[in-house]
Amino acid sequence: MDSPYSETVMDHFMNPRNVGEIKDADGVGTIGNPACGDIMQMFIKVENDVIVDAKFKTFGCGAAIASSSMATELIKGKSINEVLKVTNKAVTKALGGLPKVKRHCSVLAEQALQSALNDYYKKEGIPSPVKMKSEEEILAE
Amino acid sequence: MDSPYSETVMDHFMNPRNVGEIKDADGVGTIGNPACGDIMQMFIKVENDVIVDAKFKTFGCGAAIASSSMATELIKGKSINEVLKVTNKAVTKALGGLPKVKRHCSVLAEQALQSALNDYYKKEGIPSPVKMKSEEEILAE
Amino acid sequence: MEGIINFDHAAATRPLHDVAESMKPYMLDVFGNPSSMHSEGQRVKEAIDEAREQVASLINASPEEIVFTASGSESNNFTLKGVAFANRKKGDHIVVSAIEHFSVLQAAKSLEKLGYQVSQIPVDKDGLVDPDDVKKAITDKTILVSIMYANHEVGTIEPIEEIAKIVKKRGILFHSDGVQTVGTIPVDVKKLNVDFLSFAAQTFYGPKGVAGLYIKKGARIDPLIVGGIQEGGRRAGTENVMGIVGMGTAAELASKEVAKRIAHVQVLRDLLIQSIEEKIDHVCLHGHRELRLPNNVNFGFEYIEGESILLLLGMENILASSGSACTSKALKASHVLSAIGVSPEIANGSILFTLGIDNTEADVNLLSEKLPRIVDRLRAMSPLYQK
Amino acid sequence: MEGIINFDHAAATRPLHDVAESMKPYMLDVFGNPSSMHSEGQRVKEAIDEAREQVASLINASPEEIVFTASGSESNNFTLKGVAFANRKKGDHIVVSAIEHFSVLQAAKSLEKLGYQVSQIPVDKDGLVDPDDVKKAITDKTILVSIMYANHEVGTIEPIEEIAKIVKKRGILFHSDGVQTVGTIPVDVKKLNVDFLSFAAQTFYGPKGVAGLYIKKGARIDPLIVGGIQEGGRRAGTENVMGIVGMGTAAELASKEVAKRIAHVQVLRDLLIQSIEEKIDHVCLHGHRELRLPNNVNFGFEYIEGESILLLLGMENILASSGSACTSKALKASHVLSAIGVSPEIANGSILFTLGIDNTEADVNLLSEKLPRIVDRLRAMSPLYQK
Ligand SMILES: Cc1ncc(COP(=O)(O)O)c(C=O)c1O
Ligand SMILES: Cc1ncc(COP(=O)(O)O)c(C=O)c1O
């Protein structure tokens with residue numbers, strides 16, 4: 001079937017990686033609201049500054065689900081320092097592109113990740129190097 | 001070929017009866033002006049109160065030519081008293097009908113005839129029983 | 001396409017075979033311009049006249065009361081703007097309902113910019129307009145009331161006859177957007193007593209991009225497109241001859257078959273509603289249960305989002321729609337669902353299934369089998385859902 | 001129809017075989033609504049996108065600069081009203097020429113009723129607009145100048161580039177009605193430097209009732225038909241998919257063949273003009289002899305009336321037109337002929353022959369043989385003619 005999405009997006013939508021929750025997560029981030037059509041929740045588990053596990057739950061369109069799935073894949077096994085540099089652009093690129101009207105889904109993925117990292121730093125009692133950014137700020141980068 | 005006109009109209013347009021002028025006419029009527037798209041000229045020859053000959057010349061559309069042709073046919077051989085009753089309706093009917101936008105052509109034929117009769121009475125020095133009517137008056141009848 | 005099951009008939013129906021056949025001569029052979037006086041023009045003019053009769057007869061109008069347009073949206077814009085401009089001296093106030101198609105609402109908005117006043121009247125939770133609200137909204141300055149015949153999303157059929165009584169008693173012009181009703185249920189403009197009624201061929205197995213407006217004899221309206229003698233001077237422009245001929249055929253077929261079509265889709269509609277309500281929890285049917293288009297099923301599925309449902313249905317070759325074609329792209333909840341009081345999250349998780357004569361019981365059974373799994377699968381991913 | 005010789009190509013061209021073939025799949029098989037997100041919708045959307053590229057490439061525009069409409073008249077109404085409403089704060093004055101198509105003139109008139117000011121600039125006896133007159137007509141309040149690219153009756157091609165220079169220097173929006181030029185002669189919107197250009201498929205061997213408007217990126221215009229996301233929100237309404245696809249194919253063919261087409265019709269045009277002038281006295285060619293559409297021949301035949309000439313031509317299976325389709329019914333002399341100073345009686349006796357790729361030298365020879373007899377025959381009946 002024809003679809004507005006790339007093959008990779010459809011693959012991550014049909015077979016999303018890392019769906020679920022992490023009960024004893026080291027960081028949890030929730031972004032969006034259902035009135036706007038999307039909520040993304042991201043869970044991370046950190047050991048020795050490395051993301052050893054990541055999971056997500058998402059209420060949203062195909063692009064939102066695929067973006068969450070791809071974001072969790074991109075960060076698993078990476079050091080926190082590397083993960084701090086994972087942006088919406090990296091998610092979009094890894095997905096083989098997103099339709100213009102759906103770019104905000106990749107933004108949500110970046111925001112959910114930043115929010116989970118913030119939560120992690122807070123729990124650790126370390127001042128967070130993450131500055132939460134608005135959709136406009138992210139898209140303007 | 002399809003045409004907006006009835007067969008009779010087309011016949012009288014393609015084979016107009018009584019085209020021409022009568023040099024020593026007893027009555028001549030001219031109606032219309034070229035700016036409006038039609039001029040009709042009618043010639044009658046009267047003997048013993050009978051129209052013994054009638055001819056026309058017309059600048060105008062198919063309906064105008066057919067109406068002139070039919071009007072001359074309708075009056076030939078008739079007494080003046082009968083001819084006084086020949087109206088645009090009689091012409092239209094004899095033609096098997098005219099498109100609505102072309103009804104004014106039958107009006108012109110009535111007016112040309114009335115004008116020729118008037119001219120005849122004038123030449124004879126008899127007060128004319130004909131009252132020239134406008135297009136609106138004729139159509140309202 | 002082979003194997004595709006269409007539950008999106010409100011957006012487009014596949015033109016019937018006879019419709020396509022009737023159009024074919026006008027692709028190549030009969031090519032004249034109907035405004036030309038010569039034979040080729042007259043042949044085409046006759047074809048358009050015939051289509052006008054076919055369409056008129058479908059809604060019990062006279063042929064002279066039909067103006068062909070290019071879309072339901074054009075018919076709606078034509079009415080709102082044309083009536084507003086033509087009747088400016090009588091008043092400047094227009095009444096519409098909150099659930100009109102955007103082509104009515106936005107046309108009204110563009111009139112507001114030109115200084116007109118617009119009242120939007122609400123609907124109840126089933127999508128019904130209360131005729132009393134229309135009565136209250138009318139002022140001495142009201143020149144037009146526009147209430148749709150049936151809603152394109154929730155399928156609710158409005159009490160047009162009752163509303164017409166109120167509006168006509170006040171001597172005000174009354175328009176109804178019949179795009180979803182003409183060809184789907186019997187429509188009689190005389191019985192309804194409307195002055196204007198919009199319709200579009202793509203909803204009754206005709207071609208896309210050809211539509212019309214019923215204009216009651218004597219109703220005052222200015223053209224939207226001026227500068228030509230076509231359509232009796234009410235809409236300039238060389239005609240979409242092929243489309244008009246196709247709409248004529250589609251109208252004639254609809255006249256003949258409407259009762260059969262209703263019987264067919266209504267059974268399927270009721271079966272689909274029943275199956276979904278039995279098999280899936282946390283769902284709600286939008287729109288009125290009885291006063292409803294025979295082909296309309298619209299459900300909110302809690303905790304999940306519409307586009308992802310559509311995508312998974314698409315993987316099963318099932319076509320449906322998330323409310324309206326517009327909102328599915330604009331990422332905004334439907335104005336219709338919000339007007340009937342549906343919360344934004346449920347509005348975002350709503351799917352519109354519109355049935356057609358090509359649907360079978362097997363189609364409905366397949367959908368009823370696939371849908372619960374799709375809903376489960378998405379709920380399992382949803383942060384809002386707790387089993 | 002067999003045996004018909006068409007000298008009325010300005011009113012309608014017979015769609016080319018490839019045009020019809022390209023439309024056929026969209027009659028039945030590919031039926032989705034292009035606004036639908038699902039596969040059937042997307043397939044149709046792709047077809048429309050392709051047509052948009054084909055049309056854009058014909059006039060050297062970008063695809064996003066093309067809005068599909070239902071007629072040249074709609075494109076003209078859209079421009080006049082859309083620019084007037086969108087730029088009301090900048091000014092209220094519009095400049096048009098006296099020989100524009102009625103869809104421009106009447107749209108301007110309807111704006112006058114809403115308080116706008118319209119200046120009509122004259123043309124010379126050949127139908128040419130003097131750029132200097134445009135310059136003089138422009139005021140501080142001018143928001144739009146609309147001068148047609150080539151006239152539909154007398155075929156005169158206007159100095160659009162020169163006029164554009166004047167208009168754009170003043171920062172004013174510039175529209176040109178290209179209905180008779182796009183597809184007939186090479187058109188390049190960048191070279192012309194226009195902001196808006198109207199065109200219609202029926203003049204370049206495409207279907208009837210589908211047309212378009214070029215809108216230069218950034219040019220301010222309000223939609224005529226609001227309430228849908230189609231055409232980037234610039235024209236609401238389900239698309240005439242078949243028609244648009246057909247126009248796309250017609251545009252692609254025109255791009256490839258325009259030079260060949262010009263060469264073909266221009267030879268026939270010059271032959272026809274020469275024959276008529278040789279064989280019939282008391283005739284006058286209307287329009288400019290050189291700056292003239294390659295397919296246009298328009299003669300006034302003194303002392304006789306146009307419709308009767310057309311009828312007699314029709315009996316020989318020859319199609320032509322008496323000026324414009326409108327005036328042939330309205331019984332009024334053409335406003336174009338009267339603007340170039342032709343007297344009403346000669347205007348009433350004028351015939352427009354427009355040539356096309358299906359015409360042959362034999363067609364022209366037949367016409368040149370029949371026409372003198374027809375003229376003689378009618379002159380013999382005319383009270384105005386004295387041999
Ligand atoms: C110059 C010109 N503009 C506009 C139009 C109107 O086009 P349409 O008939 O597609 O509305 C025509 C029609 O022939 C035309 O010749
Ligand atoms: C109720 C209603 N009105 C108007 C329209 C607009 O019709 P069109 O797409 O033909 O412009 C629609 C389209 O689906 C509709 O459902």
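Every chain is numbered from 1 and lettered A, B, ... according to where its sequence line falls, protein lines coming before strand lines.
When atom types are taken as modelled, the side chain of D:Asn33 and the backbone of C:Ala11 share a donor-acceptor pair closer than 3.5 angstrom.
Residue C:Thr13 touches chain D through its backbone alone, counting heavy-atom pairs closer than 4.5 Å. The contact between C:Lys24 and chain D is made by backbone and side chain atoms together, counting heavy-atom distances below 4.5 Å. Residue contact with chain C, scored on non-hydrogen atoms closer than 4.5 Å, involves the side chain of D:Asn6 exclusively. With a threshold of 4.5 angstrom between heavy atoms, C:Arg88 does not approach chain D through any atom at all. When heavy atoms are compared at a cutoff of 4.5 Å, C:Met23 approaches chain D by way of both its backbone and its side chain. For C:Ala211, no part sits under 4.5 Å from any heavy atom of chain D, backbone or side chain.
Chain C forms more heavy-atom pairs under 4.5 Å with one residue of D:Ala236, D:Ser103, D:Gly237 than with any other, namely D:Ser103. Comparing C:Pro207, C:Ala107, C:Gly32, C:Gly243 by how many heavy-atom pairs each has under 4.5 Å with chain D, the most go to C:Gly32.
Nearest approach of D:Lys81 to C:Pro223, heavy atoms of both residues: NZ-O, 4.4 Å. A pairwise comparison of heavy atoms in C:Thr238 and D:Gln202 identifies OG1-NE2, 3.1 Å as the closest pair. D:Pro15 approaches C:Met27 most closely through the heavy-atom pair CG-O, 3.1 Å. The two atoms that bring C:Leu28 and D:Ala20 nearest to each other are CG-CB, 3.7 Å, heavy atoms only. Taking both residues in full, the closest heavy atoms of D:Arg235 and C:Ala70 are given as NH2-CB, 3.5 Å, listed atom of the first, atom of the second, then distance. Nearest heavy-atom pair, D:Leu319 versus C:Glu40, reported as atom, atom and distance to 0.1 Å: CD1-CG, 3.4 Å.
In this structure, OG in C:Ser71 is found 9.5 Å from CD in D:Glu239, a value given to the nearest 0.5 Å. Between the CG atom in C:Leu224 and the CG atom in D:Asn77 there is a gap of 7.0 Å [rounded to 0.5 Å].
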Quiz prompt | Criterion side chain to side chain contact (heavy atoms under 4.5 Å, CB included) on D:Val210 and C:Asn240, from CA distance to verdict | solution = CA-CA 7 Å; D:Val210 55; C:Asn240 172 4; over 6 Å; no
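In this structure, D:Phe85 and C:Leu114 have side chains that are in contact, with non-hydrogen atoms separated by less than 4.5 Å. Looking only at side-chain heavy atoms (C-beta outward), C:Phe31 and D:Lys208 come within less than 4.5 Å of each other. Here the side chains of C:Ser39 and D:Ile4 are in contact, with some heavy-atom distance below 4.5 Å.
Under 3.5 Å, the side chains of C:Ser36 and D:Asp8 contain a donor-acceptor pair of N or O atoms.
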